[in-house]
Number of protein chains: 2
Amino acid sequence: MSKRVGIREVAAAAGVSVTTVSHSLSGGGQLSDATRERVRSVAEGLNYTPNRLASGLRSKRSQIIGFISDEISTTPYAGRVLLGAQEAAAANDQVLMIVNTSRDDRLESRGIDALLQHSVDGIIYARMYHQAVKLPEALTGVPIVLLDAYSDRADLSSVVPDEEGAARTAVQHLVAAGHRRIGYLNNIDDIPATHGRLAGYKAVLAENGIAFDETLVTTTESTTGPGRDAAGQLLALVDRPTALFCFNDRMAMGAYQAAQLAGLSIPENLSIVSVDNFELLADALLPGLTSIALPHYEMGRWAVERLAAELAGDADSAPQQIRMPCPLVHRQSVGPPPR
Amino acid sequence: MSKRVGIREVAAAAGVSVTTVSHSLSGGGQLSDATRERVRSVAEGLNYTPNRLASGLRSKRSQIIGFISDEISTTPYAGRVLLGAQEAAAANDQVLMIVNTSRDDRLESRGIDALLQHSVDGIIYARMYHQAVKLPEALTGVPIVLLDAYSDRADLSSVVPDEEGAARTAVQHLVAAGHRRIGYLNNIDDIPATHGRLAGYKAVLAENGIAFDETLVTTTESTTGPGRDAAGQLLALVDRPTALFCFNDRMAMGAYQAAQLAGLSIPENLSIVSVDNFELLADALLPGLTSIALPHYEMGRWAVERLAAELAGDADSAPQQIRMPCPLVHRQSVGPPPR
DNA sequence: GTGAAAGCGCTAACAA
DNA sequence: TTGTTAGCGCTTTCAC
């Protein structure tokens with residue numbers, strides 16, 4: 001730390017004015033390439049780094065992106081979102097300032113105040129799973145991009161996973177393996193993932209001439225225990241499914257346990273595909289769990305890049321609300337149906 | 001956003017000078033309580049919020065804490081650390097600016113530059129698992145607290161988990177349940193957790209008059225597959241262990257699988273305790289996995305609080321290097337030994 | 001007790 | 001093509 005070198009030292013050392021230094025470094029003004037180059041090398045020689053507080057104060061651009069999320073922790077996915085956002089920010093010479101709200105309006109309000117006081121240039125408003133949000137009043141007029149969230153404000157860009165597409169990919173994979181009797185362990189929460197994935201499941205069945213059988217669809221909490229029970233129920237059917245599509249990896253883990261209890265081996269007697277591609281689980285299960293990956297990292301990157309584009313003003317005029325595709329990650333839990 | 005109200009508007013509205021407003025709000029100066037109170041209410045009425053860029057520029061205190069970590073993502077624990085750090089920062093009216101290095105020196109160096117340019121008041125230098133670090137030159141002179149890391153610099157405060165204590169608690173729990181033949185699935189990496197937990201394991205055996213038997217200790221990569229193999233090996237012993245202490249939950253999951261393959265049920269035929277308390281796994285396993293929790297959230301909090309104390313100058317003069325205790329979380333994987 | 005005024009380090013008009 | 005200068009919004013001497 002000690003005494004950082006400032007723009008005037010650079011100016012003096014280069015024998016020019018501070019203006020020239022500022023222009024040289026920021027690429028502004030009308031300078032000869034020679035001067036620009038010389039100033040730059042002097043600055044570098046002096047180990048000059050700008051004071052962003054000062055430049056932000058003057059120019060009204062702090063180069064700070066605020067990141068508000070309801071839960072930084074709890075889910076292991078959160079980290080990937082942050083990582084993507086952080087890397088994109090770094091690439092734009094921006095930095096991330098984070099705030100966690102724990103789904104508490106007061107904390108959220110304080111957090112927004114803190115970000116605004118620090119003059120963030122814009123805010124990524126993130127949720128840890130795909131859901132509808134209502135933006136707080138305090139954010140009015142601030143550049144915002146929604147992440148894993150959507151609102152009724154058509155003027156905001158947002159990014160969410162393509163839930164229906166995810167389910168389509170998963171179920172299509174099972175159909176391609178020869179399955180026609182496919183169960184679905186759905187979540188019970190009233191959220192886009194629940195409805196979107198069910199829609200995808202039904203669509204693929206229809207497209208393949210497979211009649212929808214509601215006895216093959218269960219609706220429970222999306223954790224391991226309920227998944228185990230739900231799968232057990234389906235596997236006890238006289239005409240049991242030969243494959244299971246699971247809402248998430250945790251439910252799939254329950255399905256593995258149910259299969260074991262029923263004496264069925266995977267994938268010989270039962271094929272399983274789920275959503276999340278949470279590696280700690282998917283890789284650890286025996287055999288490995290084939291799963292649809294949610295594009296957390298990509299959504300983080302996209303949100304920051306989009307925000308940067310909007311801030312730069314060179315963005316396509318219209319805000320974008322996009323759904324990200326969710327790729328299938330092959331492991332060993334899918335095989336042909338038993339004969 | 002629009003036109004934020006500044007300190008001069010408040011001054012005008014309250015009929016005082018900007019100095020008085022500044023003093024009133026920051027608690028400085030020699031003002032009458034009456035004035036202070038009046039100014040405060042006027043400021044609140046006007047919805048005044050200070051511009052931290054300006055105050056930071058002038059006062060040399062940005063109220064920003066930098067958070068550098070090698071991996072924001074990958075591990076699910078990272079989130080808890082960040083959460084603790086964030087909450088502690090918010091409580092101190094500070095905010096977190098995060099940077100990820102991906103264990104890349106160039107990225108780290110850029111990240112440090114970015115934080116310094118934004119005039120962070122101090123930095124939490126974090127690793128995602130307990131390890132030795134060498135601090136980059138660029139950080140010289142900057143207030144630092146190490147998190148899940150330690151260095152040879154005695155002038156820095158740091159916090160790490162008490163690895164030996166964690167193992168002691170785990171193994172003692174097994175001994176208390178009546179076990180005397182206890183296997184240990186250790187990690188192969190040359191890190192403090194590996195050595196510390198082995199030491200704790202040995203210490204408890206010794207204290208209970210149980211001879212150390214090296215055939216009961218395996219050393220492999222700390223993931224599920226290797227854990228499965230290692231456990232399988234121990235369970236195949238003629239005088240097999242009645243309990244297993246596992247380096248982490250992932251290895252414990254492997255041990256569950258090995259037990260199943262060996263036809264042993266948990267906890268009737270085999271008791272298991274591990275370290276991490278990664279709920280997604282520990283809760284999902286059948287039966288629930290008893291595990292030692294690593295104090296991620298607490299370390300995050302402690303690091304920020306300690307840094308704040310050092311910055312405030314009211315800290316105990318000497319830096320503190322502490323080991324945090326790791327509590328046992330009871331589930332259903334421990335029982336008495338089979339007779 | 002309170003206020004005037006000088007900057008913090010930089011950028012952006014405007015001059016030259 | 002380059003330099004002068006006036007602030008950005010606040011804190012902090014220092015004078016009253």
Side-chain angles (χ1 to χ4, degrees), chain A residues 1-40 42-43 46-64 93 113-114 116-121, chain B residues 1-40 42-43 46-64 93 113-114 116-121:
Chain A
M1 221 80 177
S2 64
K3 196 79 205 74
R4 297 257 307 271
V5 11
I7 199 173
R8 40 207 331 147
E9 277 92 77
V10 177
V16 296
S17 72
V18 294
T19 308
T20 303
V21 175
S22 177
H23 283 160
S24 299
L25 267 25
S26 68
Q30 304 290 306
L31 303 181
S32 69
D33 286 353
T35 315
R36 201 179 293 267
E37 219 17 83
R38 186 164 48 82
V39 171
R40 282 193 174 158
V42 169
L46 257 39
N47 239 307
Y48 167 77
T49 53
N51 179 326
R52 303 272 182 171
L53 254 38
S55 70
L57 177 60
R58 182 62 235 244
S59 70
K60 304 291 177 201
R61 306 188 99 266
S62 64
Q63 302 289 72
I64 305 174
D93 199 25
D113 273 4
L116 261 22
Q117 288 178 15
H118 283 281
S119 305
V120 295
D121 291 335
Chain B
M1 218 80 177
S2 63
K3 198 74 206 76
R4 297 257 306 271
V5 9
I7 200 174
R8 40 207 330 145
E9 277 92 78
V10 178
V16 296
S17 72
V18 292
T19 308
T20 302
V21 175
S22 178
H23 283 160
S24 301
L25 266 26
S26 68
Q30 303 292 307
L31 302 181
S32 68
D33 286 353
T35 315
R36 203 178 292 268
E37 221 15 85
R38 187 163 47 84
V39 172
R40 284 194 174 159
V42 169
L46 256 40
N47 238 306
Y48 167 78
T49 54
N51 179 326
R52 303 272 182 172
L53 254 38
S55 68
L57 177 59
R58 181 63 235 246
S59 69
K60 304 290 178 201
R61 308 188 98 266
S62 64
Q63 303 289 71
I64 304 174
D93 200 24
D113 274 4
L116 261 23
Q117 288 178 17
H118 283 280
S119 305
V120 295
D121 291 334

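Throughout, a chain's letter reflects where its sequence line sits, starting with A, and its residues are numbered from 1.
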**Asked** Roughly, in whole Å, what's the span from CZ in Arg36(A) to P in dG3(D)?
**Response**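 From Arg36(A) CZ to dG3(D) P: 13 Å.
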
**Message:** Rounded to whole Å, how long is the line connecting atom CG of Asp121(A) with atom C1' of dC8(D)?
**Reply:** 15 Å

[X]: side-chain contact (heavy atoms from CB on, under 4.5 Å) partners, not counting sequence neighbours:
X	answer
Ser59(B)	Arg61(B)
Ala13(A)	Val42(A), Leu46(A)
Arg58(A)	none
Ser17(A)	Thr19(A), Thr20(A)

**Any Ser32(A) side-chain nitrogen or oxygen under 4.0 Å from OP1 or OP2 of dT1(D)** = no

**Asked** Reckon Lys60(B) has a side-chain N or O less than 4.0 Å from the OP1 or OP2 of dG9(C)?
**Response**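 True: Lys60(B) side-chain N/O within range (under 4.0 Å) of dG9(C) OP1/OP2.
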
**Message:** For a 4.5 angstrom cut-off between non-hydrogen side-chain atoms, does Lys60(B) reach Ser119(B)?
**Reply:** no

**Fill in**
With sequence neighbours left out, the residues meeting side-chain hydrogen bond (donor to acceptor under 3.5 Å, both in side chains) with Ser22(A) are none

**Prompt:** Among all residues two or more places apart in sequence or in another chain, which pass the side-chain hydrogen bond (donor to acceptor under 3.5 Å, both in side chains) test with Thr49(B)?
**Reply:**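 Testing Thr49(B) for side-chain hydrogen bond (donor to acceptor under 3.5 Å, both in side chains), a comparison that skips the adjacent residues, returns Arg4(B).
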
**Rounded (10°) bend between the five-pair end axes of the helix from dG1(C)-dC16(D) to dA16(C)-dT1(D)** =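 The angle, to the nearest 10 degrees, is 40°.
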
**Request:** Please tell me which of Arg38(B) and Leu57(A) maps to the more 5' nucleotide of DNA chain C, matching each residue to the nucleotide holding its nearest heavy atom.
**Result:** Arg38(B)

**Prompt:** Listed by chain and number, what are the salt bridge (Lys or Arg N to Asp or Glu O under 4.0 Å) partners of Asp93(A), not counting sequence neighbours?
**Reply:** Arg52(A)

**Asked** What string of B, S and - do you get for nucleotides 10-16 of chain C 5' to 3' if you count protein non-hydrogen atoms under 4.0 Å?
**Response** BBBB---

